[in-house]
Amino acid sequence: MKDKYNFSEIEKRWQDKWAASDVYKAEVDDCKEKYYLLEMFPYPSGKLHMGHVRNYSIGDVLARYLKMNGKNVLHPMGWDAFGLPAENAAIKNGIHPDSWTTDNMAEMKAQLNTLGLSYDWDREVATCKPDYYKWTQWIFTQFFKHGLAYKKKNPVNWCPSCETVLANEQVVDGACERCGTPVGKKDLSQWYLKITDYADRLLTDMDELDGWPTKVKTMQKNWIGKSTGAEVDFDIDGYDEKLRIFTTRPDTLFGVTYMVLAPEHPFVESLVAGTEYAAQVKEFKDKLQYLSDIDRNSNTLEKEGVFIGRYAINPLNGASVPIYIANYVLMDYGTGAIMAVPAHDQRDFDFAKKYDIDIIPVVDPANADIDLENLTEAFVATGTMIHSGEFNGLDSAVAKEKISEYVKEKGFGEKTDNFRLRDWLISRQRYWGTPIPMIYCEKCGWVAEKDENLPVLLPTDVEFTGKGESPLTTSKTFRETTCPNCGGKAEREIDTMDTFLDSSWYFLRYTDARNDEEAFSKDKAKYWMNVDQYIGGVEHAILHLLYARFFNKFLYDIGYAPTSEPFKNLLTQGMVLKDGTKMSKSVGNVVSPEEIINKYGADTARLFILFAAPPEKELDWSDDGVAGSFKFLSRVWRFIFDMWQYIDGIKSDATVKSDADKKLAFALNQTIKKVSGDIEKRFNFNTAISSIMELVNALYKYKDAIGTDQFNPALLRDAIEKLVLLLAPFAPHLCEELYAELGGEGFVYNAQWPEYDENAIKNDSVEIVLQINGKVKEKITVDADLSRDDLLAYVESIDATKALIDGKEIVKKIAVPGRLVNFVIKG
RNA sequence: GCCAGAGUGGCGGAAUAGGCAGACGCACUGGACUUAAAAUCCAGCGGUUCGUGAGAACUGUACCGGUUCGAUCCCGGUCUCUGGUACCA
């Protein structure tokens, strides 16, 4: 054994050995319990950052721990490889997105390997390769064939800078998620997936997801945003069609004093055509168009609208109320039209005050200090119904039900749920994505490409200008084709898919990544699914996880995926910060993993990032802290080197022979128990590591026994061997080396996790606390197996207690064996 | 505004089920080793007060209150911070 911990030599050597073997290869084995451990795959930007290191270190510790505990572990890795940066690089530097991406993947894979991660690279997937996107396309055609993919012309979010359509999810505060440019609107014919058909199940099935953080479930629930209410039809005076509105407050129907349509509502044009109101309606709509979504969606924006010269008839009481268009009603929620009840909705109240519209209260707040005839703000809580005909006197919550039923009986409308979730717009006017495998035929309409013709390959004769329509239009060969249905002349869809589709099923592909007959075999998926533990950043809490659940449910429904939910347990890791803020180039506080690995080695980097904070919390990077982790690993190495003269060539034996032995065995077994629990049950790697540090401290203490009859080399060797196993998931290179030095067979990766000896952590005596009135006064050592009564009797009898009680009256006696005795005294 | 989550030494954090607050590490201080430094090993390290001293007393987990023999932990209220979300009818 060498005297110095030469991490760079050790790490290189073991990485080569792992690569030359098939240790990390996973195979279906019905005799073994499987464990599918998955970390979110990265976008191949080219450089690994600390967030990756944290994510993958967490996963790797779990993978190695579970493997050592006999599980058949599937631990794959791949690349979320389509996306805008590759295309931007192509526009800027003239490098083809494919070669840019392929180079980056190679570079990042090399970096991942320097971290010593236990991936089964035989299952590597890259979403941009035809052998993968063939099946993304196939899944899309399945959506189409099941009526869940449709094309719709709609005003869509349009980023004038990226010149692309954005999903609602990609619009942040009215600005483009990528470049921050305010988003405008544009009419385009786009493909949508009907995720709203799954809204209810995506919501209710979350109750099964016990292993998900509440935070993530709440975020998804809010995103899906279910509201229960009713849709009600209002007649419009002198107009053929009925106006349908959605309301969550059917109980306030008698309080309606006006109606509002979204300016984009399809009725608006024809309602005002040829009237004196047409001009001001047009003026109002034009004014709104120039507002960005930032202003449009801000609730600080004053409510504005115009009367359109028409009246609606309240189906319940026949009242005639004016119709407005206004900036606070949105076309893409509900029906794009509302009934306005100013007395009981703050927005309506503000609008009514401004335009001097009637305010009719219909819910009386019982016992409240509110003057209903002179409201200063809307009353939104429940109360007793008034001014509501036959419903007067009912509790408003009851009236809500009754009026809903009444509306339904009379044929005025129906009870409905409304979701905030919209259908998923998946068309992108981009090159570097999965081509949408659809063909337009004059005769047959939109037809899916035949399965045997998949994949629809991305053409290579494409120009990257960064402007205008989809780059695929510049290909001379791509667009023209024949109709799969009638064989006539037809055109291919020239848009590509949102990259979120690629990542919505990759976890299924990993179960059978090299299959060129199917997306994955049902048998293999059945063995491996679902993912036992999924680990990734909380920034994917809504979109990726919702889309992946949607895909998985769809594939489950059509008989391919074996489970209705893909991810059984979810761990969302916190961000890596430096000096209290997110690492970013603009702040100049980026610490590169490469730099740390070069300076201290991968084992130190892994150990520090796991030790500094529990995984779900934010982690503040500390250069001193890293040095400390390196010091610890060196300390381990040095200890074993120093002890080598005693333990070399002897056989380990856990038999305890002396008091010093007893202390060491206690520390060792305690640590085994704690580390196992911390990894498996709590994912608290920080405390697992701290207890290993305590074990090392105990080993250093044991050195005092050297040269005395207390010293027992066989036990020392036993402790050292187990220490190496305990540390192996965290610092795999170092521990492979030490394991080999200690004569271990094969890889420590395949070694058996140590078990603890319950007897060794049992103590004959235990220190308890003596409290007087709940305050700690003395520490007393007593027999560990004393019963509650015996403990009390013993403690009461000793002199220290008598002195503390000092003849005063004991009001109450509390004893908790193994912990404390508390006397409550008076006077 | 609404919905989550958090607030503990100089710092990162620990206390797993209501039972010794501050494990472990960093930083710092002292000692040993060294010609010296680094490295290493050993020890100390919340605050206040008292004591020459070993030590002792009090106090302390954002703030105010409650439940309890006992509260970092449970309950009510307040403040601050972080994340999500927002004319969603």
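All values below come from the heavy atoms of this structure, side chains included, with hydrogens, waters and symmetry mates left out. Proteins get letters first, then strands, A, B, ... in listed order; numbering begins at 1 in each.
The interatomic distance linking A:Y328 (OH) with B:G1 (P) rounds to 23 Å, in whole Å. Atoms CZ (A:R54) and C1' (B:G12) sit 12 Å apart, rounded to a whole Å. Atom CG of A:L727 and atom C1' of B:G25 are 15 Å apart (whole Å). B:C3 atom C1' lies 15 Å from atom CD1 of A:I224, rounded to whole Å.
Each of A:Q771 and A:D678 lies near RNA chain B, and the nucleotide nearest A:D678 is the one positioned closer to the 5' end. RNA chain B is contacted by both A:I768 and A:E618; A:E618 maps to the nucleotide lying nearer its 5′ end (nearest heavy atom per residue).
Taking the ring centroids of A:F500 and A:W424, they lie at or beyond the 6.0 Å cut-off. Aromatic ring centroids of A:Y646 and A:F711 lie under 6.0 Å apart. Taking the six-membered ring where the residue is Trp, the centroids of A:Y328 and A:F351 are separated by under 6.0 Å.
Here the separation of B:C11 from B:G7, taken at their C1' atoms, is 16 Å to the nearest Å. B:U8 and B:C87 have their P atoms separated by 34 Å, given to the nearest Å. Of the P atoms belonging to B:C45 and B:G53, the separation is 15 Å, rounded to the nearest Å. Atom P of B:C64 sits at a distance of 25 Å from the matching atom of B:G13, rounded to the whole Å. To the nearest whole angstrom, the two P atoms, one in B:G44 and one in B:G22, are 14 Å apart. Rounded to a whole angstrom, the distance from the C1' atom of B:C73 to that of B:A17 is 10 Å. Straight-line distance between the P atoms of B:G84 and B:C75: roughly 26 Å, to the nearest whole Å. Comparing B:G83 with B:C28, their P atoms sit 32 Å apart, to the nearest whole Å.
Applying the 4.0 Å criterion to OP1 and OP2 of B:C41, one finds that A:Y700 has a side-chain N or O inside that range. An OP1 or OP2 oxygen of B:C88 is reached within less than 4.0 angstrom by no side-chain nitrogen or oxygen of A:R249. At the phosphate of B:C69, OP1 or OP2 sits under 4.0 Å from a side-chain N or O atom of A:K812. OP1 or OP2 of B:A15 sits under 4.0 Å from a side-chain N or O of A:R682.
One can find a donor-acceptor pair under 3.5 Å joining the base of B:C88 and the side-chain atoms of A:R422.
Checking B:G25, B:U40, B:A89 against every side-chain atom of A:R638, the shortest atom distance belongs to B:U40. In the set B:U82, B:C69, B:U16, the nucleotide with an atom closest to the side chain of A:I814 is B:C69. Side chain of A:R420, nearest nucleotide from B:U82, B:A89, B:U85: B:U85.
With its glycosidic angle within 90° of 0, B:G9 is assigned syn.
In this pair, A:F246 and A:Y333 present their aromatic rings perpendicular. The plane angle is above 60°, beyond the 30 to 60° band. In this structure, A:H344 and A:F379 have perpendicular ring planes: the angle between them is above 60°, well past the 30° mark.
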>> Working note: A:T687 + A:D678, criterion side-chain hydrogen bond (donor to acceptor under 3.5 Å, both in side chains); need CA distance, chi angles, decisive distance, verdict.
In response: CA-CA 7 Å; A:T687 52; A:D678 281 354; 2.8 Å; yes
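Using the Watson-Crick or G-U wobble rule with both distances under 3.5 Å, B:G10 pairs with B:C26.
A:D624 comes within 4.0 angstrom of the backbone, heavy atoms only, and of no base.
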